[in-house]
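Here is the structure we will look at, set down as structure tokens.
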There are 2 protein chains.
Amino acid sequence: MAAESTRQLILSTAFSLIQSKGYNGFSYRDIADEIGIKTASIHYYFPKKCDLGRALMADYRSRFKDALLAIDQDADDSTNKLRQFTALFIQTLAQENRMCLCGMLATEISTLPVEIVEEVKGFIADTEKWLTRLLTRGCQAGWLQFAGNPEDQAKALFAALEGAMITARTLNDRRHLEKVAKQLHATMIVTNK
Amino acid sequence: MAAESTRQLILSTAFSLIQSKGYNGFSYRDIADEIGIKTASIHYYFPKKCDLGRALMADYRSRFKDALLAIDQDADDSTNKLRQFTALFIQTLAQENRMCLCGMLATEISTLPVEIVEEVKGFIADTEKWLTRLLTRGCQAGWLQFAGNPEDQAKALFAALEGAMITARTLNDRRHLEKVAKQLHATMIVTNK
DNA sequence: GTCTATAAGATGATAGAC
DNA sequence: GTCTATCATCTTATAGAC
């Protein structure tokens, strides 16, 4: 269907733009010019910009959740699950220096419509909850070790990855993120198990 | 002098706006309305928006450097210097939920004029360099302990603080940042010294 | 579904009066 | 220094023809 195709094209183009320039940094015109359509056509699928923004963030949240589920279902031990998790961030950055949509929108939070704010908050809550469970189990099984409690360590770990994406992008050095990821692993993974 | 006062008023108002809404999220009109002047007056002091943005980031970078120098000159040991460092981020967030200007602009990096980009890069380089020195000395003196090398640990530490400011602001919970800071301390500070 | 046309408002910026 | 007036341009958004 031509309709479904255009809709998908709008979504993927907008996704790329919002990951690199932010919600306030892209316009319907940017999308239209890139695809070769008119802005009115975009309004047909997404009447208001916040409709598009909400759809993008909701999709992203859903796909990220699927990725976490896939890690859960993997037979690997906690250390490898942790590596798979950090790899999600490294892969995103490797793709044209794109930011995690959550980190991007969270920084713009005070300028966003409420519907989008809720999705961003949900993404953080989902991820910290998942990470807390991973860290708790990893500790119990003796694969992981760290000071403090799993909840706070999960917050610190997620924050470090989001922050490192930002600094890596700014310094135009994706290895920056890889170094931070490696450092985070070294801090938590029990090597003499 | 009225001139100096207006200039300072513009800078402080713009600073507050850019910390909360980002470079692409504030306008000359926002500043003018808040101060009670016209946008043309702002153009008198800062002809182009990037002049204002550059001034704000350069000032911030300079003041942050001074704060780091003050920590250096303090008689405290490395663990307390580290606590003073993380306190800088906590204090910023405590002030009306404001972001670190570096983290804010770094996220918008792909939309910023080059002069500003250079200041942001410089801020990251300055801070990571200072932190690396602190961590190196703290290790040598036996106050601090961590896996890997000081350079990468410095990158991870800075990234975690910037990231935690973002998540804390989004969740509207400044204790989020405090928990992450505490966690970072617990990870590195040798308790039985 | 996609377009043209158009609107109302914001934005960064400048010229020139006071 | 600060203002009024004005600018070209962009932005989100809608109405209606095809």
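These values consider heavy atoms only, across backbone and side chains, with no hydrogens, waters or symmetry-generated copies.
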Could you state the atom-to-atom distance from [atom1] of [X] to [atom2] of [N] in whole Å?
| X | N | atom1 | atom2 | answer |
| --- | --- | --- | --- | --- |
| Lys38(A) | dC3(C) | NZ | C1' | 8 Å |
| Tyr44(A) | dG16(D) | OH | P | 18 Å |
| Asn24(A) | dA10(C) | CG | C1' | 13 Å |
| Ile35(A) | dT2(C) | CD1 | C1' | 13 Å |
| Leu9(A) | dG1(C) | CG | C1' | 14 Å |

Does Thr6(A) have a side-chain nitrogen or oxygen under 4.0 Å from the phosphate oxygens OP1 or OP2 of dT2(C)? yes

Please state whether the phosphate of dG1(C), meaning OP1 or OP2, lies under 4.0 angstrom from any side-chain nitrogen or oxygen of Ser41(A). no

Charged tip of Lys38(B) within 45° of Tyr28(B) ring normal and under 6.0 Å: no

Among Gln153(B), Glu151(B), Lys155(B), which residue satisfies the side-chain hydrogen bond (donor to acceptor under 3.5 Å, both in side chains) criterion with Gln183(A)?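 The residue from Gln153(B), Glu151(B), Lys155(B) that satisfies side-chain hydrogen bond (donor to acceptor under 3.5 Å, both in side chains) with Gln183(A) turns out to be Gln153(B).
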
Please list, pair by pair, any protein nitrogen or oxygen found under 3.5 Å from a nitrogen or oxygen in nucleotides 10-14 of chain D.
{"from": "dC10(D)", "atom 1": "OP2", "to": "Arg29(A)", "atom 2": "NH1", "distance (Å)": "3.3"}
{"from": "dT11(D)", "atom 1": "OP2", "to": "Ser27(A)", "atom 2": "OG", "distance (Å)": "3.3"}
{"from": "dT12(D)", "atom 1": "OP1", "to": "Lys49(A)", "atom 2": "NZ", "distance (Å)": "2.9"}
{"from": "dT12(D)", "atom 1": "OP2", "to": "Tyr28(A)", "atom 2": "N", "distance (Å)": "3.2"}
{"from": "dA13(D)", "atom 1": "OP2", "to": "Lys49(A)", "atom 2": "N", "distance (Å)": "2.6"}
{"from": "dA13(D)", "atom 1": "N7", "to": "His43(A)", "atom 2": "NE2", "distance (Å)": "3.2"}

Work out which heavy atom in Ala164(B) is nearest to a heavy atom in Leu177(B); give both atom names and the distance.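 Heavy-atom minimum between the residues: CB-CD1, 3.6 Å.
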
Side chain to side chain donor-acceptor pair (under 3.5 Å) filter on Thr79(A), not counting sequence neighbours, yields Asp77(A)

Using the six-membered ring wherever Trp is involved, compare the ring planes of Phe64(B) and Phe89(B) and label them parallel, tilted or perpendicular (cut-offs 30° and 60°). perpendicular

Is Asp76(B) paired with Arg83(B) through a side-chain N to carboxylate O contact shorter than 4.0 Å? no

